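Not measured: the values here are computed from a predicted model.
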Amino acid sequence: MKLISRKFRSEMPNCINRVTHPTAPQLMVGHPETSVSVQSRSQHRQPMLVRRLHHTWLQRRLRCRHKNQSVQSPAFQRILSRHEMPEMHRIKTPAKKSDFHQTNKTLPRRPRKVAVVPPAGLEPARPYGQEILSLKCLPFHHRGQTNRQLGRDRPSWSTLRRLLTSFMISIRHLALTRSDQHNLPVMPSPARLLPLLLATLLTTASGIGQTRDVKKIYAEICANCHGISFEGGSGPSLAVGKWKHGGDDTSLTQSIREGYPQAGMPAWSATLSDAEIRGLIVYISEQTAAYERNHTVFAKPADAITAQSELYFYRLETVAKNLAEPWSIAFLPDGRMLVTEKKGTLRIIENGKLLEQPVKGVPSVDTNGQAGLFDVVLHPDFAHNGWIYLAFADPQKSLEGRNLALTRIIRGRLHDGALVDQETIFQAPLATYRPAGGVHFGGRITFDGQGHVFFSIGERGAKENAQDLARPNGKIHRLNDDGTIPSDNPFVGTPGADKSIWSYGHRNPQGLAYDKAAGELWETEHGPRGGDELNLIRKGLNYGWPITTYGIDYNGQPFSWKNASGQVIPSVTTQEGIEPPATYWVPSIAVSSLNVYEGTLFPKWKGNLFAASLAAQELRRIEILDGKVVHQEIIFKGIGRLRDAITGPDGALYVLLPDRVSRLIPVTK
């Protein structure tokens, strides 16, 4: 229900919703879905309040344009008359948004229900001695707001009292307008009034949980002391990462929540929610990491140049060139290498040379967005059975003809440059496929040496699917190497569950490696903005996404998710019943693969995990002791996005750069 026409609205300033602004009277009551508006002046009386506000607003606006004219002068009155409020006609609810402003349409004789949509926020106003209710989405900022209210957008009790007063006046105003059209009672009945009042109060209460961009939070409560660019001020610089009270997440959370009054830092527990404190920590960590990148020299090895790590001198040398976004590499017993390219081709490297023709017979692949041809892995008994396993984004069509895709696992044999004897190991039902292209396919494969194959599938951007056991999305799966279901899988006896699921609650698991010596399955997955994870995968456990995460959304807001009843719940970092990560990275490094080093060229690295990354362009060594991370080292950084890092049969560590295959070999000094 809007009380102004399109022509009049186009003349109003952008600050029309700022009802406390002296030159912006609020003229809207209700929502476009209602079917009540002011009648033509020649047919029915208009509310005098609306016309008085408009007339006063026009006078002030035109005086700004014609400062030399007196308000009472004939010239000014002629100008004012040309801008007077146009005649407004009754309109009915349109079938679509573009038809909303059709005029000269009359309302039906039968009274229609007034569909008032509860607002996301309500702000009372008293323009020129009267109060009217705005159903526009406004924050609870009002005159006299204290710092205690910053960051939570919650109303005070005085605001609630003003809101209820405005609510009653608006209902009265609405009733008067409707009574002119339909001969209805002057005031709505309590049965009609109570639901609207409850909806308003519930919506107001929900404003307490609203959160803001972490950058704005920092600018409002931290920048005064620590500098708008983290350079420091009355407080120390946060960019250098030197923390007086500890720089880990627990220490930072306590510092923000409890403060250090003796040092002049107030406590913010009454101002910031837990989700906002977490978002602020992510933002500070991002800035600290950026400062470190700009002030730290990392190894950038090139051919014939020796670099040094903590334990070894090494050299990075090129094995093969002219590849296009290589995704994965596998080593054939005869010395040849198989390399997948994201664009959907399987290539062969022979004697250090990339063969011109790709392998024939590879299935069609969706290559849009993050889709593509993913992992290539040889069966542990490849020498006897010759099986090659591939993961790829499988393109399909819906019944309506829409393009869909989801990760699929096949196996085949290499014969005369072609992939033959193909068998499907895993293909999900078409109902679980998502629109083609897009994000989060997973796509890694590994074996445990006991007849089982593990593989990962991302949640495809639908985060709640990671918690749905009826869907394969956002899961680590376990099958027998021929594609059959192992009888000891955790959800074999769960009605409606996908029986191949081994663990769930994953976002985009792109690293998967089985440590045969320790009997442990490790996984790395992309978090959102911050919160990349390394997980020790155990049977049947829930790894949290999107219920728990150490990251925030890309727009700077804390994450939230919807439960089965549709209720929106903010994400947390930990929760009982959810397996925490072995470690996580804030800011994100964009982990892409994971490998357990089993070679002999670097004996001190044996059993260490090596994680490759995309955005951070780094190769990271991770030491594990009793299932826990005890040390990390960046081997090199900044020479390109890394898709894979794997131990070669010669003991070297092979890495895939954007256009080539390289390997790390030790150098004796």
Practice task
Give me the ring orientation class for Phe374 and Phe441: parallel if the planes are under 30° apart, tilted from 30 to 60°, perpendicular past 60°.
Solution key: tilted

Run the side-chain donor-acceptor check on residues 605-612: report pairs under 3.5 Å with partners two or more places apart or on a different chain.
unit_1	atom_1	unit_2	atom_2	d
Lys606	NZ	Glu598	O	3.3
Asn608	OD1	Arg621	NH1	2.8

Exercise for the section: Run the salt-bridge test on Lys342 and Glu325 with the 4.0 Å N-O cut-off and return the result as yes or no. Expected result: no

Handout entry: Where at least one partner belongs to residues 454-468, residue pairs that pass salt bridge (Lys or Arg N to Asp or Glu O under 4.0 Å), sequence neighbours excluded
Key = Asp468-Arg471

Problem - Lys216, NZ atom: more than 12 neighbouring heavy atoms under 6.0 Å - result: no

Practice task
Please collect all ring pair (Phe, Tyr, Trp, His ring centres under 6.0 Å) contacts where either partner lies in residues 506-525, sequence neighbours excluded, each pair once.
Solution key: His506-Tyr543

Handout entry: salt bridge (Lys or Arg N to Asp or Glu O under 4.0 Å) partners for Arg408, two or more places apart
Key = Asp394

Problem - Exceeds 12 heavy-atom contacts within 6.0 angstrom, atom NZ of Lys539 - result: yes

Exercise for the section: State which residues pass side-chain hydrogen bond (donor to acceptor under 3.5 Å, both in side chains) with Ser592; sequence neighbours excluded, sorted by chain then number. Expected result: none

Problem - Residues, nucleotides or ligands: over 12 heavy atoms within 6.0 Å of Glu633 CD - result: yes

Validation: residues 575-585 side-chain donor-acceptor distances under 3.5 Å, sequence neighbours left out:
unit_1	atom_1	unit_2	atom_2	d
Glu579	OE2	Arg538	NH1	3.4
Tyr584	OH	Asp249	OD2	2.3
Trp585	NE1	Gln632	OE1	2.9

Exercise for the section: Using distance alone, with no hydrogens and no angle criterion, decide if Asn595 and Thr647 have a side-chain donor and acceptor under 3.5 Å apart. Expected result: yes

Practice task
Report the relative orientation of the aromatic rings in Tyr389 and Phe447; use parallel for angles under 30°, tilted for 30 to 60°, perpendicular for over 60°.
Solution key: perpendicular

Practice task
State, with a plain yes or no, whether a side-chain heavy atom of Glu276 is found less than 4.5 Å away from one of Val214.
Solution key: no

Handout entry: Validation row: Leu625, His631 side chains within 4.5 angstrom (heavy atoms)
Key = no

Practice task
For the residue pair Asn535 and Glu533, confirm or rule out a side-chain donor-acceptor distance under 3.5 Å.
Solution key: yes

